[in-house]
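First up is the structure itself, then whatever we jot down about it.
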Amino acid sequence: METLDKIKLIYFFTDNDALNLTQIKDLMNLNSNEFISGVYSFISNFDDFSKFLPNEEIRSRHREKIKIWFLNLFSGTYDNEYLRQLKRIGEVHAGIKLPSHYVSATMNYVRNFIHNIIIKNIPASDKRNELTESVNKIIDINLDIIISSYISEGKFYIAATKFETKIIKFSSRFSYILDLALVVSLIIATIMVFLLFVFEIYRFAFGGGAFESTVVDILGAMLIVWAIRELLEEEVKKLKGHKFALSAFIGLAMAALLRKILIFSLAPGKSKEVAILGFLVLVLGIVYWLMNKSVKS
Ligand code: HEM
């Protein structure tokens, strides 16, 4: 979750930098046509230029949009709306699968173009160095945000207000704590089922329980331990930032049903229940298979 204030802080982008950029706005405006033709002849060298910008209509629209983006570099207003626009630019390029190297290389061209204009028009001085530093910061911030859309779609969230930022922070912390609590509960559940497993063996050895039902009970307990282990693994993956595989829950449900089938299979007159449970396991099995298939493809 980011706000432009936070990003500006990271780059040490101060009000003075914003002021410096506005001071060269007119100069850049004067050179904006040269900028557009230069950047376009640079972009047109890319192999896939015609694939991404196939006709004159799209190219002239793009030229217009790049020009606006270029002039906005020197507007002096860098708020969350500005951040949102940059994020959108990143999303549009990521959406058309434009290689991120093209954006980075073009940004490098833009940086050099601006440096050259400054060198040509402003005599060597501390002020010129200061202007160049401010230009570098805004170009780096732009590149950073645009490329972020390529790296972490969805993770890059822009909060509109401080209150929203607080709510989102609180919710993500809360959900993290819930995940941790779930992991601890799953560990406790596994230990309990494992104790059940040991108890069944103990009962068989010392209490004289029936051999057949003891085997079935042990098998049932093992099934549940296996399913909880799957769930635990998924939960740990989620804590590490991966996606949660919902199929682990289906696995657990199948294990619970299979356990019931094992138990009912020993009881007389339970064939109807066994048939229903068998049908449910079949349905869940199909769902499990379909889910895994869609994840792989
Ligand atoms: C510094 C680099 C670049 C900047 C700042 C930039 C800027 C923009 C902007 C502002 C838009 C409009 C986004 C919107 O709809 O809100 C856009 C769209 C687009 N850009 Fe770029 N661009 C860059 C590099 C490139 C390159 C290198 C290519 C291709 C070789 C490219 C291809 C496109 C295409 C195909 C669209 C969609 C055009 C449309 O359908 O209107 N861009 N770009």
Side-chain angles (χ1 to χ4, degrees), residues 2-4 7-8 10-11 13 17-18 20-22 24-120 131-160:
E2 303 287 352
T3 60
L4 202 72
I7 295 172
K8 283 198 246 178
I10 298 169
Y11 280 87
F13 186 93
D17 289 308
N20 283 338
L21 292 167
T22 54
I24 49 173
K25 185 181 173 141
D26 290 343
L27 180 63
M28 295 304 156
N29 210 348
L30 280 175
N31 289 280
S32 58
N33 287 337
E34 194 196 325
F35 166 76
I36 279 297
S37 52
V39 89
Y40 247 69
S41 81
F42 179 80
I43 290 179
S44 61
N45 287 323
F46 295 140
D47 283 346
D48 307 324
F49 173 73
S50 305
K51 182 183 133 199
F52 290 111
L53 297 153
N55 56 51
E56 197 39 49
E57 191 199 328
I58 297 181
R59 284 177 204 171
S60 79
R61 197 167 57 210
H62 191 231
R63 267 197 287 266
E64 208 39 54
K65 286 186 172 165
I66 286 207
K67 191 173 169 181
I68 296 171
W69 165 81
F70 174 70
L71 293 176
N72 276 343
L73 289 174
F74 312 100
S75 72
T77 310
Y78 311 104
D79 51 11
N80 279 342
E81 184 46 41
Y82 184 72
L83 178 64
R84 216 167 267 125
Q85 279 169 14
L86 295 183
K87 195 188 165 240
R88 171 155 168 88
I89 295 176
E91 281 167 358
V92 168
H93 291 106
I96 58 170
K97 303 222 167 358
L98 183 80
S100 59
H101 308 297
Y102 287 1
V103 177
S104 305
T106 313
M107 210 60 98
N108 188 262
Y109 172 87
V110 177
R111 187 196 306 270
N112 290 334
F113 176 87
I114 301 173
H115 283 181
N116 285 335
I117 299 284
I118 291 179
I119 289 168
K120 267 192 225 158
L131 290 172
T132 311
E133 272 178 30
S134 303
V135 166
N136 284 342
K137 283 186 200 172
I138 197 69
I139 291 285
D140 285 338
I141 289 175
N142 268 261
L143 186 61
D144 185 340
I145 295 163
I146 293 176
I147 296 299
S148 296
S149 303
Y150 280 81
I151 302 164
S152 55
E153 270 177 278
K155 273 190 189 171
F156 196 84
Y157 173 79
I158 301 163

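The basis for the numbers below is simple: all heavy atoms, side chains too, and nothing from hydrogens, waters or symmetry mates. In each ligand, atom 1 is the first atom listed, and ligand 1 is the first ligand listed.
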In terms of ring plane angle, is the pair Y78 and F13 parallel, tilted or perpendicular, where the classes change at 30° and 60°?
perpendicular
When rounded to the nearest 0.5 Å, the distance separating CG of D17 from CG of L131 is 10.0 Å
Checking heavy atoms under 4.0 Å, the part of I68 that sits near ligand 1 is neither
One should read off an interatomic distance between T106 OG1 and L98 CG, to the nearest 0.5 angstrom, of 7.5 Å
In terms of heavy-atom contacts, P54 and R59 come closest through O-NH2, 3.6 Å
Would the distance check show the side chain of D79 and the main-chain N or O of Y82 forming a donor-acceptor pair, the cut-off being under 3.5 Å? yes
| said: Contact between ligand 1 and L98 is defined here as a heavy atom of the residue under 4.0 Å from a ligand atom; is it met? | reply: yes
of all protein heavy atoms, closest to atom 39 (C) of ligand 1 is R61 NH2, 3.3 Å
| said: What I'd like to find out is whether the side chain of I66 reaches to under 4.5 Å of the side chain of I43, using heavy atoms alone. | reply: yes
Near F46 (heavy-atom distance under 4.0 Å), the atoms of ligand 1 are 27 (C)
Original post:
Relative to each other, are the rings of F49 and Y40 parallel, tilted or perpendicular (30° and 60° limits)?
Top reply: perpendicular
Item to check | Any N or O of T106 closer than 3.5 Å to N or O of ligand 1 | outcome: no
Closest to atom 38 (C) of ligand 1 by heavy-atom distance, out of I58, I43, D47, is I58
closest protein heavy atom to atom 35 (C) of ligand 1 is F52 O, 3.1 Å
heavy-atom search around atom 34 (C) of ligand 1 in the protein gives I96 CD1, 3.6 Å
Residue, atom and distance of the protein heavy atom nearest atom 3 (C) of ligand 1 read I66 CD1, 4.1 Å
* Hey, does the side chain of S37 reach the backbone of N33 with a donor-acceptor pair shorter than 3.5 angstrom? -> yes
Atoms of ligand 1 under 4.0 Å from any heavy atom of M107, numbered from 1 in the order shown, are 1 (C)
For F46 and Y102, take the angle between the two ring planes, folded into 0 to 90°, and tell me which bin it lands in: parallel under 30, tilted 30 to 60, perpendicular over 60. parallel
shortest atom 15 (O) of ligand 1-to-protein heavy-atom contact is with R88 NH2, 3.1 Å
Residue, atom and distance of the protein heavy atom nearest atom 42 (N) of ligand 1 read H93 NE2, 2.8 Å
Q) Is the closest N or O pair between W69 and ligand 1 shorter than 3.5 Å? A) no
min-distance protein heavy atom vs atom 37 (C) of ligand 1 -> V92 CG1, 4.0 Å
Short version for L53: what comes under 4.0 Å of ligand 1, heavy atoms counted, is side chain
N142 and L73 have their tightest heavy-atom pair at ND2-CD2, 3.4 Å
Notebook entry, point to check: Charged N to carboxylate O below 4.0 Å: is that the case for E91 and R84?
Noted result: no
The closest protein heavy-atom partner of atom 19 (C) of ligand 1 is H62 CD2, 3.3 Å
- Item | Under 3.5 Å: N/O of Y102 near N/O of ligand 1 | no
